[in-house]
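Report on one structure; see the data block that follows.
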Amino acid sequence: MPVTNVEERLLSLLASLEECQSLLFDQGVEEIAKLLSLAILEVRMELHSITDSDLKALCDMIASNELRLDPQAPLARPFPPHLKLVK
């Protein structure tokens with residue numbers, strides 16, 4: 001299957017999952033909506049070629065307070081380019 005077709009399908013899936021999540025939050029079914037956030041994360045990771053180890057490294061940086069939310073603040077160690085935050 002061509003890469004663009006896979007990406008298009010993942011983007012379509014992502015949009016559907018986000019719509020379902022929004023509807024669930026609106027209906028007050030927060031636990032299931034939160035579970036959908038895990039599926040949304042997996043699809044986003046696939047789209048941006050982020051591995052489980054990349055995610056763990058990011059979480060470790062956040063947990064150790066090495067990552068600052070202020071983009072102007074210097075980091076204790078360089079932020080790997082493949083771990084840039086995407087929305």
Original post:
With the 4.5 Å side-chain cut-off for hydrophobic clustering, are L41 and I50 part of the same group?
Top reply: yes

Subject >> Hphob cluster co-occupancy, M45 + L35, side-chain heavy atoms under 4.5 angstrom >> reply: no

Subject >> side-chain contact (heavy atoms from CB on, under 4.5 Å) partners for L10, two or more places apart >> reply: V6, V43, E46, L47

**OP:** Sequence neighbours left out, what passes side chain to side chain donor-acceptor pair (under 3.5 Å) with S49? Give chain and number order.
**Re:** none

**OP:** Measure the spacing between CG of L36 and CD1 of I40 and express it to the nearest 0.5 Å.
**Re:** 6.0 Å

Subject >> Salt-bridge contact K56-D52 (side-chain N to carboxylate O under 4.0 Å) >> reply: no

Which side-chain N or O atoms in residues 11-25 pair as donor and acceptor under 3.5 Å with protein atoms at least two apart or in another chain?
{"unit_1": "S16", "atom_1": "OG", "unit_2": "S12", "atom_2": "O", "d": "3.2"}
{"unit_1": "E18", "atom_1": "OE2", "unit_2": "R44", "atom_2": "NH2", "d": "2.3"}
{"unit_1": "Q21", "atom_1": "NE2", "unit_2": "A33", "atom_2": "O", "d": "3.0"}

Original post:
Tell me the salt bridge (charged side-chain N to carboxylate O under 4.0 Å, His left out) pairs involving residues 25-40, sequence neighbours left out?
Top reply: none

